[in-house]
Amino acid sequence: MPELSSAPSPSARPERPAPSRRSWHRRAARPVTWWMLALIVVVLVHPWIPQSRWLMVHMVTLGLITTSIMVWGQHFTEALLKPRLGDETRARQVTRIRLLTAGIVVTIAGMLPSWPWLVLLGALMVSAALVWYAIALGLQVKAALAPRFVFTVKAYIAAASLLPLGAVLGSLLAFEAGEPWQGRLLLAHQILNVLGFVGITVTGTLLTLWPTVLRTRIDLPVARRAAHGTTGMLIGVLGAVVGALLGSPMVGVIFLLAYAASFGWVVTTLVRLSIQSARQERTVPLPRFPLLSIAAGVAWFAVAQLGLLTLWWRHAGSPLSSSLLAADVQQLTAPFVAGFLLQVLLGAMSYLLPVTMGGGPRALKGSLGMMSRFATARVLAYNLVVALIVLADADGTVADGAFSVLALGTAQIADVGSWTRILLSLLGFVVLVSFLVLMMLAVRASVRLRRESLPTPGIGAPSASTPLASPAAPAPSATPATSATSATPASSKPPASPAERTVNRRALSGVLVGIGSVLGVTSLGTSLDRSLGTGAGGDDGAGVSPAGSVTPTGETTTIAVSMAEMRFSPDVLEMPAGDSLVIELSNDDEQDVHDLVLASGVSSGRLRPGESTTVDAGVIEHDLDGWCSIAGHRAMGMTLQVITGERGSEHDHAANTTGADELARIPLDLQSAPGAEHTLYDARLPESSGPEQRLTLEAVDVPAEIAPGLVMDAMTYAGTVVGPVIRSELGARLTVDLVNHGAMGHSLDLHAGQVAPDQAMRTIAPGESLEYAITTDHAGAWLYHCSTMPMSVHVSAGMLGALIVPPAGLAAADREYVLMQSEHYLVPPGAPGAAEAMHEGALPVSSAKIAAEQPDATVFNGHATQYLDAPLVAKVGERVRVWVVAGGPSRGVSFHVVGAVFDTVFKEGEYLLAPENENAGGAQVLDLASAQGGFVEMVFEEPGTYTAVNHSMVEMERGARALITVTD
């Protein structure tokens, strides 16, 4: 059904009154209010919500911003173009917004429990709503009666066309593509949605909204010239997305520069309008909150663009081969979301909501005044909070200096810890909530003043019954002096009136209140951080130890440290107590990613081969330990010590000894079914692939369940703990292409091959690949695994699999299965460093447990209960062959099937028990040491349920068990 229709004839009698513009706004904007209230609830309870950061960001970007854009984009299109809309289009507009809301809810419902297909469905629903919206606007452009400002609506259409692509890329992130694609998709997703959809929409809107709020005029030729900037922004977005997906920082930087220049072109016009408005005489002050909030949001948008350019420029000349850039981009969440999006949204709504409520000039003046209560204090406090939080997470002397300036010298970044961040965030939250309170008060004020119906001079804003005034002409009630042609120069202005002096005094008071509230909160937070040792300078914070007996010297000790071959060089850093320590850190390893974490909490972040950084460790008062936090690297000796000669306090010792025992075993639930997200590992032996076989193994990091409710931060081949079974034939040529999409270096060791390990088994960095070719000349059940040091960590994390080469003349079996045993060692929750090392709720591998040989779980094919819930199957009289490999990293297997006798046993390339042997012998177990393999055969004579186990009972009780269901 078309979106546009002609107006009804005079003789037509509608069955029901046509919905008014005001009632449409109430219905259409209702989801925005819902999202605001839901966001408040989520902020209050977010510590108990999984992926709460993602949820809050997307409730703002998808829930608040996208819904508001759809509502107000329609409003501005009607106000600027005056298309002839039929009454029936109102219901379709509301339905479109409801489709968008449903899509957002489905996306969230899929993302929180990590159901990628549900996320994709939600993304498609959101995309459908935006495509519908873009088509509807296009039809209204064709039917426009006043198409002078059509360029703004065309910007809406172009921006809306970008969001479906961004939504689909975002849904692909839920499928965990692995690096480098995960980082590339995230970057492209953010560019399309924030810079593209929101950035272009906001910029196009400001060309008409900004002069309206300023109650000034913009000449049509000027507006058209400025609108060319939105076209440049669109080109910049598309080029930057190509750069992100290709992994080319240089391409991205070039197009981001084009985007920033185009945005600057538009902002220049907005600044000129501001100057023009300031020179005009007016009897009633402009609404202060919309002006300040929108201006602050635009400034943050420019800062965020500069930050993105800087981050991307650092990677120019190298491919996006790890997730470092994507992680850096996440640092811009606060500038983009809190600084830009929320402020522009609330500023625009604080002006537009009173306009759409209407009620005449008196009611409009009252509601606008209510929305601008305490405007200066609110905007200043909020922006100081955002700036301090952003700077507190930044590195370098520039950030330190800027933080000190904004805090008026009362605090340093080193003083900021968890309490300071909590209190600052709470203050910012209170400021945001005040918008809702003032909005409700503004509605009450508007209703009251409408009832009084007292005439009063207008304030230069449209009434409820008229659309938003065209910014090319003076506002409806403006006097001739308010037009640009009659503006009075600033030098000829008369003395300030009493009303203006009152406004100035209120503004000054607002400045003092805004700054004072932030400084008071910062001072309280840093005091708590210092007293409790939770600050960036606290012993359990990020740099300086709590106040002690050592007085800071004011001096700085700078030491260069290299990382290579699992060692820091030097690994002992001697310095005077009380000096500030600066470490010039470089990763000189040719293959591995490394980092440096100090016991004080300071971290360098991960460095790829060839990268370097400067680590400011703050004032060092006593000896301090440091290590590489990459899984297993610390266990291999990648540690260092900072030596001052001063001993740590008793408090420091106690802090290091609290928490759970790092060797404590994690209890297993072996009676439950695997979780809904677990995919059953197919244990059947693959079909023969012939004399030539080429396949790809992709190393990816995923959270993987290894027992019901127990999720491991896994390193895998192809996304599963225990990689895919590979089958080759005697004398066949096998070529494996290894591609590293993980966050660190990985490799491959095919035990069946006879090749020099120097090249084929070398460690490759994230984003790299290698070709590994062998000839399978010897029969056996072979192990393949990652050989990157420490091997025990990589194998325990899931990087192992089976390569089956059947012996010559092997008779066919009715059923053939492959069982790979592996043991897994995890850091228990509550152990020192466990919370920091967890990723998406998954427990990291414990090097300490590996060294102590204390596994938490021993499983077949990557999961403890999958073959209890979905048993292997066979029939009475069938010959069943089970290939078994002891994957390790350390334990062997004594394989036994309860209720069956093996009549054939093949181990490590030779038969230990041949079928139909002359002694009528049988076997009860196949005993394999770590990395050994073989197979057994049996024939079941009765139906029933049989159990395959590791007859080393302790391993069976850790999960090494599978059921075989035998039927007639």
Side-chain angles (χ1 to χ4, degrees), residues 172-173 175-188 243-249 252 311-312 314-330 563-566 585-596 603-613 628-633 638 696-704 713-719 723 736-749 760-772 785-791 793-795 797-799 837 839-840 842 844-845:
L172 294 179
L173 291 169
F175 287 86
E176 295 290 343
E179 296 298 346
W181 283 109
Q182 197 76 358
R184 295 181 185 181
L185 290 173
L186 176 61
L187 193 56
L245 294 178
L246 293 179
S248 174
L311 290 173
W312 216 340
R314 291 176 183 173
H315 293 262
S318 62
L320 296 180
S321 57
S322 76
S323 61
L324 288 175
L325 183 58
D328 288 342
V329 171
Q330 291 177 343
M563 301 184 292
E565 298 180 354
M566 299 297 168
L585 188 67
S586 61
N587 184 1
D588 298 322
D589 204 305
E590 295 181 357
Q591 299 171 328
D592 274 336
V593 175
H594 296 296
D595 67 2
L596 170 62
S603 174
S604 67
R606 292 184 174 183
L607 301 181
R608 294 178 295 175
E611 289 188 334
S612 60
T613 189
C628 177
S629 70
I630 305 297
H633 290 196
M638 197 166 181
T696 299
L697 283 181
E698 296 184 347
V700 293
D701 300 336
V702 298
D713 192 4
M715 310 173 197
T716 71
Y717 294 117
V736 178
D737 294 308
L738 177 66
V739 182
N740 188 0
H741 292 321
M744 65 183 72
H746 291 301
S747 58
L748 177 65
D749 180 0
M761 302 181 198
R762 75 181 189 277
T763 297
I764 58 173
E768 294 184 357
S769 60
L770 65 77
E771 179 184 288
Y772 189 162
H785 64 93
C786 180
S787 60
T788 299
M789 300 299 287
M791 291 187 203
V793 170
H794 288 244
V795 172
M799 300 198 79
H839 177 63
E840 298 183 3
V845 174

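Reckoned from all heavy atoms, side chains included, excluding hydrogens, waters and symmetry mates.
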Student: Take Leu748 and Val736, measure what side chain to side chain contact (heavy atoms under 4.5 Å, CB included) needs, and give me the verdict at the end.
Tutor: CA-CA 9 Å; Leu748 177 65; Val736 178; 3.7 Å; yes

Student: Could you grab the distance from atom CG of Leu738 to atom CD of Glu768, nearest 0.5 Å is fine?
Tutor: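 It is 10.5 Å, given to the nearest 0.5 Å.
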
Student: Are His746 and His794 an aromatic pair by the rule of ring centers under 6.0 Å?
Tutor: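 Yes, the ring centres sit under 6.0 Å apart.
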
Student: Which residues pass the side chain to side chain contact (heavy atoms under 4.5 Å, CB included) test with Ala704, sequence neighbours left out?
Tutor: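 Val702, Ala714, Val721.
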
Student: How would you list, by chain and number, every residue that makes a side chain to side chain donor-acceptor pair (under 3.5 Å) with Thr788, sequence neighbours excluded?
Tutor: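 Listed in chain order: Ser747, Thr763.
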
Student: Sub-3.5 Å donor-acceptor pair from the side chain of Thr716 to the main-chain atoms of Val700, do we have one?
Tutor: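 Yes, the answer is positive, given that a donor and an acceptor are paired below the 3.5 Å cut-off.
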
Student: Decide yes or no for Met715 and Met799: does some side-chain heavy atom of the first lie under 4.5 Å from some side-chain heavy atom of the second?
Tutor: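 In short, these two side chains touch, coming nearer than 4.5 Å.
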
Student: Between atom CD of Glu771 and atom CG of Asp737, what is the distance when rounded to the nearest 0.5 Å?
Tutor: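 Output value for this atom pair is 5.5 Å.
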
Student: Within the 4.5 Å heavy-atom criterion, are Arg608 and His594 side-chain neighbours or not?
Tutor: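 With C-beta onward as the side chain, the pair stays apart.
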
Student: Going by salt bridge (Lys or Arg N to Asp or Glu O under 4.0 Å), name the residues that satisfy it together with Asp588, two or more places apart in sequence or in a different chain.
Tutor: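 So Asp588 forms no salt bridge (Lys or Arg N to Asp or Glu O under 4.0 Å) with any residue.
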
Student: State whether the side chain of Asn740 and the backbone N or O of Ile764 hold a donor-acceptor pair below 3.5 Å, judged by distance alone.
Tutor: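 Indeed, once roles are kept as given, a pair shorter than 3.5 Å links the two residues.
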
Student: Compare every heavy atom of Ala188 with every heavy atom of Ala244, then report the nearest pair and how far apart it is.
Tutor: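 Closest heavy-atom pair between Ala244 and Ala188: CB-N, 3.9 Å.
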
Student: So which heavy atom on Gly745 is nearest to which on Pro766, and how close?
Tutor: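 Nearest pair, atom of Gly745 first, then Pro766: N-CD, 4.2 Å.
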
Student: With rounding to the nearest 0.5 Å, note down the distance linking CG in Leu185 to CG in Leu172.
Tutor: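 Answer rounded to 0.5 Å: 6.0 Å.
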
Student: Find the distance between SG (Cys628) and CG (Asp589) and round it off to the nearest 0.5 Å.
Tutor: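 Rounded to the nearest 0.5 Å, the SG-CG separation comes out at 10.0 Å.
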
Student: With sequence neighbours excluded, what pairs up with Asn587 under the side chain to side chain donor-acceptor pair (under 3.5 Å) test?
Tutor: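 With neighbours one apart ignored, the set is empty.
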
Student: Has Tyr717 got a side-chain atom pairing as donor or acceptor with Cys786's backbone, closer than 3.5 angstrom?
Tutor: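 Yes; judged by distance alone, with no hydrogens or angles, the pair exists.
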
Student: Are Val739 and Thr696 close enough that some pair of their side-chain heavy atoms sits under 4.5 Å apart?
Tutor: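 Result yes, sub-4.5 Å side-chain heavy-atom pair found.
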
Student: Identify, with sequence neighbours excluded, every residue that meets side chain to side chain contact (heavy atoms under 4.5 Å, CB included) alongside Thr613.
Tutor: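 Result, side chain to side chain contact (heavy atoms under 4.5 Å, CB included) vs Thr613: Leu585, Ser604, Leu607, Val615.
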
